[in-house]
Asker: 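Right, I'll just put the structure down here and ask away after.
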Amino acid sequence: MTLRFFNTLSRSKESFVPREEGKVGLYTCGPTIYNFAHIGNFRAYVFEDLLKRYLQFRGYAVHHIMNLTDVEDKLIRTCREKNESLKTVTARYAQAFFEDIATLGIVPADRYPAATDHIDEMIELIKVLRDKGHTYESNGSIYFRLSTFPGYGKLSHMDMDQLQQGGSGRVDSDEYEAENARDFALWKAWDEDDGEVFWETELGKGRPGWHIECSAMSMKYLGKSFDVHCGGVDNVFPHHENEIAQSECATGEMFSKYWLHCAHLVVEGKKMSKSLGNFYTLRDLTEKGIEPLAIRWVLLATHYRQPNNFAFDAVEAAKQSLYRIRDFRMRLQDVRGAGDDLGERCAECEAAFVEAMDDDLNISGGLAAVFDFIRDINRRVDEGTVSEAGAQCAIALLDRLDQVTGVFSPPQADEVPAEIMEQALERQRARRNKDFATADAIRKRLEADGWIIEDTSEGPRVKRA
RNA sequence: GGCGGCAUAGCCAAAUGGUAAGGCAGCAGCCUGCAAAGCUGUGUAUUCCCGGUUCAAGUCCGGGUGCCGCCUCCA
């Protein structure tokens, strides 16, 4: 079985063959840092994290670039409203973004280039396009002339003649002075609403269009042609389509070989919106006391091309699943003695996991393989047929697969406080004396403080509630 | 108007045309001083509806219904 991904370009699953053996250039569209990111955004970033981790697990050296969009219409509007500079706003939300991805256990990209640090590269790219006759100027802005790129539409599979102009109801005609409404801006001439946000360049005073940053930065760090480009489905058109147009017209080479897009997230079955009161940033959820890894689980556990329903019941289920795995690990750590070394069973589980994941990241199948394994090993531990080496083998397997999922990790190594431990031992003494009233009282008291005691043959086990 | 996606148990969610995974919740039992954890058993699932192809359809085809996405700057 080979690794296969659904490529938006062909609308079919294709065997994954990177351009250079063993190496993958990965570009993922990052956030516009004008606000806190919401969980829909993180659905995409968690999907991309899973993709990257799995590629690494399969032995590829992944070079991952994620851009930060730090100049854009909404951002400029935010600056005006808050009367703050562009840098002040973007610095704040960039930091929040990095905190959030750490919270969710997302492995950082190799580099997070910001658009405003790459104005020169964008200018150069626009000049190449201009020299090749793909642009025109109108009132100081520079537009890409779509009619010069016959391949336009190959990603989104849309027939330009069939599209209803303004079908989305989002076109503000005042903003557009293009010859054809679908021509997009490479460079936008300054106007007074832009305030202090502008660059004096040989293309004039203004700022870059949105799409050009991804072309300029991906090509700078990954080359004219690279392997995988990701984003949410809403980016397919026009953003990624425009990136292809700009990039391929400039270089004459294929831009990205594979395009992977994740579906949207809905909350409790409904589109997330502020008016429905179901709009959540990551911070909104953690402030409610929801465990970050349970959020990661929910975002991860649905196949990336399926709409993901973020339901609070599902969050609770995810938390229970996390605990089941943690308890399993704790149990394994207490296994002593001789028995089965589980080498074969562990290999079987890993093979089932890989087989599922190779098929376009079928995470549900992968998780099922792990739960099958857990139930099987728990049974064997009950029977006392697992050796200490076998238990360690199982733990090592979880650690290895945790490199992919990020949700199989051991509990936070929060040391049980000495006084809590002392009470647990006191309860144990009471139990030995058959003083169950005292024992139960201590257990109840500790539970109220957030500690759970489980009696095992090895003595009491104390864990966080 | 154009293009596309989705519909599987109370909830989440898989399934090359071949007995409908897995998790959570629930119920019963084992274990336990009692619990917890674990194990076992437990859901007769009209796979949205109606047709069709096939020895065989959740899966393929046609037609409905419902929800959703994109169609100029939303992951």
Side-chain angles (χ1 to χ4, degrees), chain A residues 11 28-32 37-48 69 72-74 153 156-173 175-176 178 181-185 188 209-211 230-239 241-242 261-266 269-271 297-298 301-303 305-321 323-324 327-328 330-331 356 359 362-372 374-375 377-383 431 434-436 439-440 443-444 447 452-456 461 463:
Chain A
R11 283 187 181 165
T28 59
C29 279
T32 299
H38 56 69
I39 53 170
N41 299 127
F42 287 114
R43 197 265 164 116
Y45 306 142
V46 167
F47 144 63
E48 289 154 0
T69 297
E72 181 262 359
D73 290 357
K74 287 196 298 288
S156 54
H157 302 91
M158 291 205 273
D159 179 350
M160 291 307 115
D161 296 336
Q162 300 288 321
L163 290 181
Q164 183 168 323
Q165 189 176 319
S168 67
R170 284 196 279 139
V171 180
D172 177 355
S173 58
E175 286 183 14
Y176 287 90
R182 259 179 284 284
D183 290 341
F184 57 90
K188 298 174 137 178
W210 175 43
H211 313 294
C230 297
V233 283
D234 51 318
N235 271 335
V236 174
F237 190 92
H239 183 50
E241 198 75 71
N242 290 352
H261 295 98
C262 68
H264 274 131
L265 179 88
V266 295
K270 295 200 176 67
K271 184 177 179 178
W297 187 295
V298 173
T302 297
H303 188 264
R305 286 190 291 112
Q306 295 294 325
N308 187 329
N309 184 15
F310 190 92
F312 285 93
D313 283 352
V315 173
E316 179 59 25
K319 187 177 120 183
Q320 294 304 327
S321 298
Y323 286 4
R324 178 166 164 83
D327 285 343
F328 177 59
M330 287 172 73
R331 228 181 154 212
D359 181 15
N362 181 355
I363 186 66
S364 298
L367 291 175
V370 173
F371 279 113
D372 282 341
I374 290 173
R375 183 168 13 84
I377 301 307
N378 264 326
R379 181 164 45 222
R380 299 195 201 195
V381 170
D382 281 351
E383 290 165 356
R431 289 182 69 223
K434 308 273 186 210
D435 180 4
F436 297 121
D440 289 351
R443 184 169 62 195
K444 208 165 182 177
E447 196 177 338
I452 288 175
I453 297 185
E454 296 177 357
D455 297 320
T456 76
R461 177 189 292 157
K463 67 180 190 183

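These numbers come from a predicted model, not from an experiment. For the numbers below, each heavy atom of this structure counts, side chains included, while hydrogens, waters and symmetry mates do not. In the text below, chain A, chain B and the rest are named by the order of the sequence lines, each starting its count at 1.
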Asker: In whole angstroms, how far is the C1' atom of B:rC73 from the CZ atom of A:Phe184?
Answerer: 11 Å
Asker: Do NZ/NE/NH1/NH2 and the carboxylate oxygens of A:Asp440 and A:Arg443 come within less than 4.0 Å?
Answerer: yes
Asker: How many whole angstroms separate atom CD of A:Glu383 from atom C1' of B:rC39?
Answerer: 9 Å
Asker: Are A:Glu241 and A:Ser156 close enough that a side-chain donor and a side-chain acceptor fall under 3.5 Å?
Answerer: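 The answer is yes; a qualifying pair exists.
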Asker: Regarding A:Glu316, tell me which of base, sugar-phosphate or nothing describes its non-hydrogen contacts under 4.0 Å with the strands shown.
Answerer: nothing
Asker: Please tell me which of the listed nucleotides, B:rC73, B:rA75, B:rG22, lies nearest to the side chain of A:Asp234?
Answerer: B:rA75
Asker: Which comes earlier along RNA chain B counting from the 5' end, the contact point of A:Leu265 or that of A:Val236, where each point is its nearest nucleotide?
Answerer: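 Nearest-nucleotide comparison on RNA chain B picks A:Val236.
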Asker: Base, sugar-phosphate or nothing for A:Asp327? Non-hydrogen atoms, less than 4.0 Å.
Answerer: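 Sugar-phosphate contact only - A:Asp327 comes under 4.0 Å of backbone atoms but never of a base.
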Asker: Verify the contact: side-chain N or O of A:Asn362 to OP1 or OP2 of B:rA15, cut-off strictly under 4.0 Å; return yes or no.
Answerer: yes
Asker: Rounded to the nearest Å, what distance is computed from the NE2 atom of residue A:His211 to the P atom of nucleotide B:rC73?
Answerer: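 Atom NE2 in A:His211 sits about 9 Å away from atom P in B:rC73.
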Asker: Distance check: side-chain N/O of A:Asn309 vs OP1/OP2 of B:rC12, anything under 4.0 Å?
Answerer: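 Yes, such a contact exists.
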Asker: Considering every strand and a 4.0 Å limit on heavy-atom distances, what is the contact class for A:Phe436: base, sugar-phosphate, or nothing?
Answerer: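 Base contact - A:Phe436 has a heavy atom under 4.0 Å of at least one base atom.
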Asker: Between the base of B:rG5 and the side chain of A:Arg305, is there any donor-acceptor pair under 3.5 Å?
Answerer: no
Asker: Both atom distances under 3.5 Å, Watson-Crick or G-U wobble: I'd like the secondary structure of RNA chain B as a dot-bracket string, with | for pairs made across strands.
Answerer: (((((((..(((.....[...))).(((((.......))))).....(((((..]....))))))))))))....
Asker: Does a side-chain N or O from A:Gln320 land closer than 4.0 Å to OP1 or OP2 of B:rA25, or not?
Answerer: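 Yes, within the criterion.
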Asker: Rounded to the nearest angstrom, tell me the gap between atom CG in A:Leu367 and atom P in B:rA13.
Answerer: 13 Å
Asker: Taking atom C1' in both B:rU59 and B:rG43, what distance in whole Å separates the two?
Answerer: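 Here B:rU59 and B:rG43 have their C1' atoms 23 Å from each other.
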Asker: Measure all distances between protein nitrogen or oxygen atoms and nitrogen or oxygen atoms of nucleotides 65-67 of chain B, and list the pairs falling under 3.5 Å.
Answerer:
none

Asker: Would you kindly give the NE2-to-P distance between A:His264 and B:rC68, to the nearest whole Å?
Answerer: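 In whole Å, B:rC68 P and A:His264 NE2 are 14 Å from each other.
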Asker: Find out whether A:Thr456 and A:Met330 are in side-chain contact, i.e. whether some heavy atom of one side chain is under 4.5 Å from a heavy atom of the other.
Answerer: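 Of all side-chain heavy-atom pairs linking A:Met330 with A:Thr456, none is under 4.5 Å.
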Asker: Any side-chain N or O of A:Thr302 less than 4.0 Å from the OP1 or OP2 oxygen of B:rA13?
Answerer: yes
Asker: Judged by atom type as modelled, is there a donor-acceptor pair below 3.5 Å linking the side chain of A:Arg43 to the main-chain atoms of A:Pro307?
Answerer: no
Asker: Does A:Ile453 reach a base, just sugar-phosphate, or nothing at all? Heavy atoms under 4.0 Å.
Answerer: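 Result for A:Ile453 = base.
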Asker: Expressed as a whole number of Å, how far does the P atom of B:rA25 sit from that of B:rU16?
Answerer: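 28 Å, rounded to whole Å.
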Asker: Could you tell me how far B:rC61 sits from B:rC27 if I compare only their C1' atoms? Round to whole Å.
Answerer: 43 Å
Asker: Using whole Å, what does the distance between atom C1' of nucleotide B:rC24 and atom CD1 of A:Ile374 come to?
Answerer: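 Going from CD1 in A:Ile374 over to C1' in B:rC24 covers 14 Å.
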Asker: Give A:Arg375 one of three labels, base, sugar-phosphate or nothing, depending on what nucleic acid heavy atoms sit under 4.0 Å from its own.
Answerer: sugar-phosphate
Asker: Has the side chain of A:Arg461 got a donor or acceptor atom sitting under 3.5 Å from an opposite partner on the base of B:rA37?
Answerer: no
Asker: Answer with base, sugar-phosphate or nothing: what part of the nucleic acid does A:Asn378 contact at a heavy-atom distance below 4.0 Å?
Answerer: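 Counting heavy atoms under 4.0 Å across all strands, the contact made by A:Asn378 is with sugar-phosphate only.
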Asker: Please examine the side chains of A:Trp297 and A:Ser321, heavy atoms only from C-beta on, and report whether any two atoms are closer than 4.5 Å.
Answerer: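 Answer yes - side chains close enough.
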Asker: Could you check whether A:Gly40 gets within reach of a base, just the sugar-phosphate, or nothing at all, counting any heavy atom under 4.0 Å?
Answerer: base
Asker: Roughly how far apart, to the nearest Å, are B:rA7 and B:rA13 at atom P?
Answerer: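 After rounding to an integer number of Å, I get 10 Å for this pair.
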Asker: Between B:rA37 atom P and A:Lys319 atom NZ, what is the distance in whole Å?
Answerer: 12 Å
Asker: Expressed in angstrom and rounded to an integer, what is the separation of A:Lys271 atom NZ from B:rC6 atom P?
Answerer: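 For the pair A:Lys271 NZ and B:rC6 P, the rounded distance is 19 Å.
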Asker: Can you tell me whether the side chain of A:Asp455 and the base of B:rC34 have a donor-acceptor pair closer than 3.5 Å?
Answerer: yes
Asker: With rounding to whole Å, what would you report as the distance between B:rG58 and B:rU53 at their P atoms?
Answerer: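 Here B:rG58 and B:rU53 have their P atoms 16 Å from each other.
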Asker: Of A:Gly232 and A:His157, whose closest RNA chain B nucleotide lies nearer the 5' terminus?
Answerer: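 Checking each residue's closest nucleotide, the 5'-ward one belongs to A:His157.
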Asker: Taking atom C1' in both B:rA37 and B:rU44, compute the distance separating them and give it to the nearest angstrom.
Answerer: 32 Å
Asker: What distance, rounded to whole Å, do you find between the two C1' atoms, one in B:rG62 and one in B:rC70?
Answerer: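 It comes out at 26 Å once rounded to the nearest Å.
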Asker: Can you see if the side chain of A:Arg324 gets near the phosphate of B:rC39 - specifically, an N or O under 4.0 Å from OP1 or OP2?
Answerer: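 Yes, because at least one side-chain N or O of A:Arg324 sits under 4.0 Å from OP1 or OP2 of B:rC39.
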